[in-house]
Amino acid sequence: MRIDVLTIFPSMFAPILGESIIKRAQLAGKAQIHIHDIRDYTLDKHRKVDDRPYGGGSGMVMTPQPVFSCAEAVLKKTKSMKSRRRVLLLSPRGRSLKQRDFKSLARTKHLVLICGHYEGVDERVAEHLADEEVSIGDYVLTGGELPAMVVIDAVVRLLPGVLGNKDSAQSETFEGSRLEYPQYTRPAEFRGKKVPAVLRTGDHRKIAEWRDKESLKITKKRRPDLLKEVK
Ligand code: ADE
């Protein structure tokens with residue numbers, strides 16, 4: 001999968017691209033991630049990317065021209081088929097992404113992530129450039145960069161062959177509309193607190209039953225809404 005990020009803060013992405021699973025996925029050729037500085041596409045000498053809102057009001061609005069020019073340069077270069085790519089504008093006004101959305105995004109060939117800023121982005125970007133405006137949750141961040149990193153992380157780990165263990169993207173939280181059961185590792189006793197005995201019996205049927213029961217219990221307590229969700 002190819003991912004292109006359009007941002008006015010390109011250096012924010014270096015830490016996540018250069019570490020851990022995202023780094024490995026790139027080295028293994030599973031993900032090609034390219035970061036583009038929207039400012040490189042401005043036409044004025046001050047490299048201005050914002051302006052005052054029409055109609056008045058506080059704050060500044062991102063101007064359409066550098067965003068369109070940057071996206072058009074990316075699309076021209078990559079020539080990805082429209083049906084196999086998604087252009088997303090990250091904004092708190094967008095539809096909230098869920099695990100199933102990331103699964104569907106992981107099946108596309110090309111993702112273009114546009115990081116919004118300031119009071120907002122000129123609406124023509126959402127209407128005529130992006131396929132969809134998406135949010136990572138009901139809270140407001142200072143810009144779309146952290147949300148874009150969340151999208152990259154959530155999608156890249158789902159790409160075939162990225163996670164070492166084939167099962168680990170399957171049996172986890174949200175996959176079956178359940179929160180994950182508690183996990184333990186050594187030591188068997190830590191500061192007087194013991195690992196549940198069933199996990200040390202080696203009885204796989206009993207362990208599976210215990211995990212199922214615990215998963216249901218924790219989901220009922222913390223996220224009863226998930227149990228009602230029809231997938
Ligand atoms: N930009 C600012 N807040 C955001 C959010 N919650 N999701 C996506 N983009 C954002």
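Position 1 is the first residue of the sequence; numbering continues from there. Note that ligands are numbered from 1 as they come in the structure, with each ligand's atoms numbered from 1 the same way. What's counted below: heavy atoms across the whole structure, side chains too, no hydrogens, waters or symmetry copies.
- Of the possible donor and acceptor atoms, none in the side chain of T7 sits under 3.5 Å from a partner among the backbone N and O of D37.
- Across all non-hydrogen atoms, the minimal contact from L129 to V87 is O-CG1, 3.8 Å.
- Not a single donor-acceptor pair under 3.5 Å links the side chain of E214 to the backbone N or O of E180.
- The minimum heavy-atom distance linking I136 with S96 is given by the pair C-OG, 4.3 Å.
- Annotation: T142 places no N or O atom under 3.5 Å from an N or O atom of ligand 1; distance criterion only.
- Within the listing of ligand 1, atoms 6 (N) sit less than 4.0 angstrom from a heavy atom of G137.
- Taking each heavy atom of S80 and R85 in turn, the nearest pair found is O-NH1, 2.7 Å.
- E123 meets the salt bridge (charged side-chain N to carboxylate O under 4.0 Å, His left out) test with R93; sequence neighbours excluded.
- Using a 4.0 Å cut-off between heavy atoms, P92 contacts ligand 1 through both its backbone and its side chain.
- Note on ligand 1: G116 sits outside its first shell, no heavy atom being nearer than 4.0 Å.
- Distance from atom 9 (N) of ligand 1 to its nearest protein heavy atom, with residue and atom name: S91 N, 3.1 Å.
- At least one N or O atom of I136 sits closer than 3.5 Å to an N or O atom of ligand 1.
- From the protein, the heavy atom lying nearest to atom 3 (N) of ligand 1 is L141 N, 3.0 Å.
- Of the protein's heavy atoms, Y139 O, 2.8 Å lies nearest to atom 6 (N) of ligand 1.
- Residue V134 has no nitrogen or oxygen atom sitting less than 3.5 Å from a nitrogen or oxygen atom of ligand 1, judged on distance alone.
- Of the N and O atoms on the side chains of H36 and D4, at least one donor lies less than 3.5 Å from an acceptor on the other residue.
- Of all atoms in ligand 1, listed by their number and element, those nearer than 4.0 Å to a heavy atom of G143 are 1 (N), 2 (C).
- Below 4.0 Å from some heavy atom of S135 lie the following atoms of ligand 1, by number and element: 5 (C), 6 (N), 7 (N), 8 (C).
- In this model, no donor atom of one side chain and acceptor atom of the other lie less than 3.5 Å apart for T108 and R86.
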